[in-house]
Amino acid sequence: MPVPDPTIRVRIAPSPTGPLHIGTARTALFNYLYARHVGGTFILRLEDTDVARSTPENERDILEGLDWLGITWDEGPDPAGGRDRGPFAPYRQMQRLDAYREATDRLLGADAAYPCYCTPAELDADRKAQEAAKEPPRYVGRCARLSPADRAEREARGLRGAIRFRVRPGVVGWTDLIRDRIEIDTANLGGDFVIVRADGTPLYHFVVVVDDAAMEISHVIRGEDHVSNTPKHILLFEALGHPIPQFGHLPLILNPDGTKMSKRKSQTAVDDYRAQGFIREGLVNYFSYLGWSPGTEEDVLSLEDVVERFDIGKVQKGGARFNRERLEWLNGQWIRRLEPDDLVNRLRPYLEAAAADGRIDRVPSDEELGALLPVIQERLPTLGAIVDLVGFLWVERLEVDPAVLVPKRWDPATTRDGLAAAREVIAAHDAVTWEADELEPPLRELVEARGWKAGDLFMAIRVATTGRTATPPLFDTLVALGRERTLARLDTAIEVLGGPIPT
RNA sequence: GCCCUCAUCGUCUAGAGGCCUAGGACGCCACCCUUUCAAGGUGGAGAUCAGGGGUUCGAAUCCCCUUGGGGGCACCA
């Protein structure tokens with residue numbers, strides 16, 4: 001553990017306008033990694049000023065999701081639903097309106113901001129005209145020079161102005177933690193921007209600065225999509241008289257086609273991945289390597305390992321495309337590393353879900369599952385894959401396609417004979433000694449005696465008992481299936497192929 | 001349209017002037033193991049370091065231009 005450094009304070013500021021997004025999780029992770037690596041403080045703040053789109057469900061989803069990933073925060077809302085924790089509570093913006101009101105008054109008093117009475121229609125017309133003239137959209141400044149009398153007149157008419165921040169001319173620059181020096185002329189900011197809506201609710205660019213200042217955030221680490229907004233924030237920090245934090249802009253996570261990750265083209269909700277059985281270790285490991293690498297040839301690292309190695313200076317500048325194959329591979333690596341009891345516990349919800357929607361008829365006991373682990377653990381890219389892999393063990397009526405029942409080199413008659421003979425051999429075993437290494441030798445003897453190939457007979461038995469051509473090792477599978485069901489399924493298959501051989 | 005920004009195998013990346021005839025991982029292809037499928041092992045294909053100019057004894061690494069990509073320009077966050 002590094003020596004605690006109280007001067008380093010970073011934050012993730014999600015907006016509860018949707019469920020936890022992969023991009024948010026990745027940004028949270030990098031902030032967490034930075035904080036933990038240097039001994040700083042990691043803060044979570046909910047940016048819920050978009051009242052129309054924010055919901056308590058999304059809020060819960062975000063807190064719960066980050067907590068599940070192991071990205072824990074030192075200050076912020078309590079994931080369990082208790083009071084906000086930390087010296088700067090509350091950490092929800094709708095509960096911090098007084099602070100914004102105070103800041104607004106100061107700005108207004110200093111004439112750094114002014115009320116704007118332009119209607120949406122006027123603004124829209126301005127924008128259309130600019131578009132037609134091939135000019136960049138910007139606020140034309142219609143209300144920038146209103147006299148106190150003009151304002152009083154409008155207020156008297158019952159008009160409520162939005163508050164705009166005066167953008168001063170000049171160049172604003174900063175030294176980005178990830179991309180070095182960036183300078184932007186304020187002429188390109190789109191004119192004076194709104195910081196408070198006409199209805200009195202404050203807007204993002206404003207609250208983010210007021211809160212970062214109030215919460216003494218030292219390093220603002222966020223997505224690259226905020227680079228162009230940073231000058232607005234710096235201007236606001238200046239106007240409010242607060243020290244300007246360091247900024248670091250992370251590369252974006254991209255759709256496979258290289259565009260900014262979107263719901264249209266990719267699965268973006270952490271929940272979706274969780275529902276499929278991606279585990280936190282795999283997800284965190286994968287996210288860590290999206291835009292960062294330790295510079296070594298290691299690739300399977302735990303969260304703690306990454307914290308130890310993290311270096312924000314090593315963060316990539318270009319965007320990283322999301323690659324599901326690699327995620328699955330890493331997830332499989334982590335599933336293989338889980339302790340048996342842990343794996344059983346993590347698998348259960350997926351089996352319960354499968355039972356609930358009828359993909360399987362019953363949920364196996366922990367003992368059953370535990371016994372199966374040695375043959376399934378290395379075959380699971382995700383926890384949810386267990387249903388496809390061995391769901392046939394827990395269904396009452398197995399659907400078997402007669403066409404696949406017959407091995408490639410065999411014909412239906414041979415298959416029927418083979419299965420019937422195998423049934424005899426298997427039935428000769430009593431239930432007490434029903435074990436994998438006892439089942440195999442007599443079947444191999446049978447194959448030998450008949451001049452068959454072991455693979456053909458085994459494949460016929462496999463399909464007859466599981467309905468699939470790809471399964472975990474056959475004899476372990478039959479043991480898991482149990483003697484009665486094995487024999488019953490063989491009988492059914494023999495029936496399908498024309499019934500028992502008449503003697 | 002304007003501003004910002006990025007640019008190494010299909011993908012994620014190593015690479016901070018000579019260690020690079022560019023390394024690793026995923027994916028792909030073989031082979032080994034093997035009753036199928038995985039896992040594992042071994043090997044292979046795959047990048048004239050976007051292109052062009054410089055600087056330098058020497059450039060993937062520094063500078064410029066071009067091209068291509070991405071992001072931003074709301075009374076969204």
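This is a predicted model, so every value here is computed, not measured. We name chains A, B, ... by the order of the sequence lines, and we start the count at 1 in each one.
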Original post:
Listed by chain and number, what are the salt bridge (Lys or Arg N to Asp or Glu O under 4.0 Å) partners of Lys265(A), not counting sequence neighbours?
Top reply: Asp257(A)

Original post:
Relative to the 5' end of RNA chain B, which residue comes earlier, Leu327(A) or Asp311(A), by the nucleotide with the nearest heavy atom?
Top reply: Asp311(A)

**OP:** Using a cut-off of strictly less than 4.0 Å between a heavy atom of the residue and any atom of RNA chain B, enumerate the qualifying residues of residues 117-124 of chain A by number.
**Re:** Cys118(A), Leu123(A)

Original post:
For Phe278(A), which residues count as a ring-ring contact (aromatic ring centres under 6.0 Å, His included) partner, sequence neighbours excluded?
Top reply: Tyr273(A)

Original post:
Residues two or more places apart in sequence or in another chain: which of them pass ring-ring contact (aromatic ring centres under 6.0 Å, His included) with Phe310(A)?
Top reply: Phe30(A), Trp292(A)

Original post:
Quick one: salt bridge (Lys or Arg N to Asp or Glu O under 4.0 Å) partners of Arg166(A), sequence neighbours excluded?
Top reply: Asp111(A)

Subject >> Span that lies between the C1' atom of G15(B) and that of G23(B), in whole angstrom >> reply: 9 Å

Subject >> Listed partners of Trp452(A) passing ring-ring contact (aromatic ring centres under 6.0 Å, His included), at least two apart >> reply: Trp410(A)

Original post:
Mind checking the P distance from A50(B) to C9(B)? Whole angstroms is fine.
Top reply: 7 Å

**OP:** Return the set of residues passing salt bridge (Lys or Arg N to Asp or Glu O under 4.0 Å) with Arg264(A) (not counting sequence neighbours), or none when no residue passes.
**Re:** none

Subject >> C1'-based separation of A16(B) from A59(B) [nearest Å] >> reply: 12 Å

Subject >> Complementary nucleotide of U67(B), counting Watson-Crick and G-U pairs under 3.5 Å >> reply: A7(B)

Please tabulate, for side-chain N and O atoms in residues 133-141 of chain A, each donor-acceptor pair with protein atoms closer than 3.5 Å (sequence neighbours left out).
{"from": "Arg138(A)", "atom 1": "NH2", "to": "Ala187(A)", "atom 2": "O", "distance (Å)": "3.4"}
{"from": "Tyr139(A)", "atom 1": "OH", "to": "Arg142(A)", "atom 2": "N", "distance (Å)": "3.3"}
{"from": "Tyr139(A)", "atom 1": "OH", "to": "Cys143(A)", "atom 2": "N", "distance (Å)": "2.9"}

**OP:** Please tell me which of Glu378(A) and Lys134(A) maps to the more 5' nucleotide of RNA chain B, matching each residue to the nucleotide holding its nearest heavy atom.
**Re:** Lys134(A)

Subject >> Residue-level proximity of residues 472-480 of chain A to RNA chain B when a heavy atom falls under 4.0 Å >> reply: Pro472(A), Pro473(A), Leu474(A), Phe475(A)

**OP:** Could you give the distance separating G71(B) and C28(B) at their P atoms, to the nearest angstrom?
**Re:** 29 Å

**OP:** Can you sort out which residues in residues 179-188 of chain A have a heavy atom within less than 4.0 Å of RNA chain B? Ascending by number, please.
**Re:** Arg179(A), Ile182(A), Glu183(A), Ile184(A), Asn188(A)

Subject >> Pairwise P distance, U61(B) and G53(B) [rounded to whole Å] >> reply: 14 Å

Original post:
Along RNA chain B, 5' to 3', what are the outermost nucleotides having an atom less than 4.0 Å from a heavy atom of chain A?
Top reply: G1(B) to A77(B)

Original post:
Say you pick atom P in G68(B) and the same atom in U42(B); how far apart are they, in whole Å?
Top reply: 44 Å

**OP:** Can you sort out the partners of Phe165(A) under ring-ring contact (aromatic ring centres under 6.0 Å, His included), two or more places apart, ordered by chain and number?
**Re:** Phe193(A)

Subject >> Rounded P spacing from C63(B) to U48(B) in Å >> reply: 23 Å

**OP:** Determine the interplanar angle of the Phe237(A) and Phe247(A) rings, folded into 0 to 90°, and report it as parallel if under 30°, tilted if 30 to 60°, perpendicular if over 60°.
**Re:** perpendicular

Subject >> Spacing of the C1' atoms in C26(B) and G18(B) (rounded, Å) >> reply: 32 Å

**OP:** For C73(B), give its Watson-Crick or G-U wobble partner with both distances under 3.5 Å, or none.
**Re:** G1(B)

Original post:
Under 30°, 30 to 60°, or over 60°: which ring-plane class applies to His226(A) and His233(A), parallel, tilted or perpendicular?
Top reply: tilted

**OP:** For Glu131(A), look at atom CD and say whether over 12 heavy atoms of other residues, nucleotides or ligands are found less than 6.0 Å away.
**Re:** no

